[in-house]
Amino acid sequence: MAPHELVYDWVRKIPKGRVLTYGVISLLLSKRFSARAVGWFMHGSPKGVPWHRVVNASGGCSTDRLPDFPQGLQRHLLEREGVVFGTNGKMKLKKYLWIPPVEKR
DNA sequence: CCATTGACGAAGA
DNA sequence: TTCTTCGCCAATG
């Protein structure tokens with residue numbers, strides 16, 4: 001299995017209505033990849049991977065910066081799972097960040 | 001091999 | 001709080 005597949009494995013484990021940040025995923029993999037690299041991998045995430053559950057460290061949707069990407073889609077998908085965004089377009093990570101069970105690490 | 005470009009993020013100003 | 005700056009690293013030309 002290719003090394004970066006480990007990133008997708010973690011993303012697939014994120015429960016509905018919860019999220020992980022690029023940086024946290026980097027830490028979960030012992031910084032084998034930088035948060036930036038994780039973002040790059042997400043760009044080519046395979047079908048079936050809940051990519052919308054990965055947000056930036058500020059609790060915002062980084063996908064909205066991509067010109068060639070449906071604006072607001074990520075937010076829509078998250079709201080459909082119960083995630084609430086503030087007026088600043090950011091969510092409260094304290095509330096939605098998923099803390100992986102110790103036994104799975 | 002070198003430069004540039006991102007779905008990043010911490011630290012300063 | 002918002003904006004730069006800088007380190008990060010895979011991919012691309």
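Since we're looking at a predicted model, the values are computed, not measured. Below, read A as the first sequence line, B as the second, and so on, with proteins coming before strands; counting in each chain starts at 1.
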For P70(A), all residues meeting side-chain contact (heavy atoms from CB on, under 4.5 Å), sequence neighbours excluded: L73(A)

What closest approach, in Å, do V55(A) and Q74(A) show between heavy atoms, and which atom pair accounts for it?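 Smallest interatomic distance, heavy atoms only, reads CG1-NE2, 3.9 Å.
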
Do you know the tightest heavy-atom contact between G44(A) and Y8(A)? O-OH, 3.4 Å

In this structure, how many angstroms lie between the [atom2] atom of [N] and the [atom1] atom of [X], rounded?
X      : N       : atom1 : atom2 : result
Y22(A) : dC8(B)  : OH    : P     : 5 Å
R65(A) : dT5(B)  : CZ    : C1'   : 12 Å
K31(A) : dA10(B) : NZ    : C1'   : 10 Å
R32(A) : dC8(B)  : CZ    : P     : 21 Å
F41(A) : dG6(B)  : CZ    : C1'   : 13 Å
L6(A)  : dC9(C)  : CG    : P     : 17 Å
L97(A) : dG9(B)  : CG    : C1'   : 14 Å
W40(A) : dT4(B)  : CH2   : P     : 17 Å

Tell me, which of residues 43-64 of chain A have any heavy atom that sits under 4.0 Å from an atom in DNA chain C? none

Under 3.5 Å, is there an N or O donor on one side and an acceptor on the other linking the side chain of R36(A) and the base of dG7(C)? yes

W10(A)-F41(A) aromatic ring centre distance below 6.0 Å: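 Not under 6.0 Å, so no.
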
Spell out, as yes or no, whether a donor-acceptor pair under 3.5 Å connects the side chain of R12(A) to the backbone of V49(A).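 No.
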
Is it the case that the side chain of D64(A) and the backbone of Q71(A) share a donor-acceptor pair, with hydrogens and angles ignored and the cut-off at 3.5 Å?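 A pair under 3.5 Å: no.
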
Side chain of T21(A): nearest nucleotide among dG9(B), dA10(C), dC8(B)? dG9(B)

The side chain of S34(A) lies closest to which of these nucleotides: dC8(C), dA11(C), dA10(C)?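 So the side chain of S34(A) is nearest to dC8(C).
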
Distance (rounded to the nearest 0.5 Å) between L20(A) CG and S26(A) OG: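 The CG atom of L20(A) sits 12.0 Å away from the OG atom of S26(A).
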
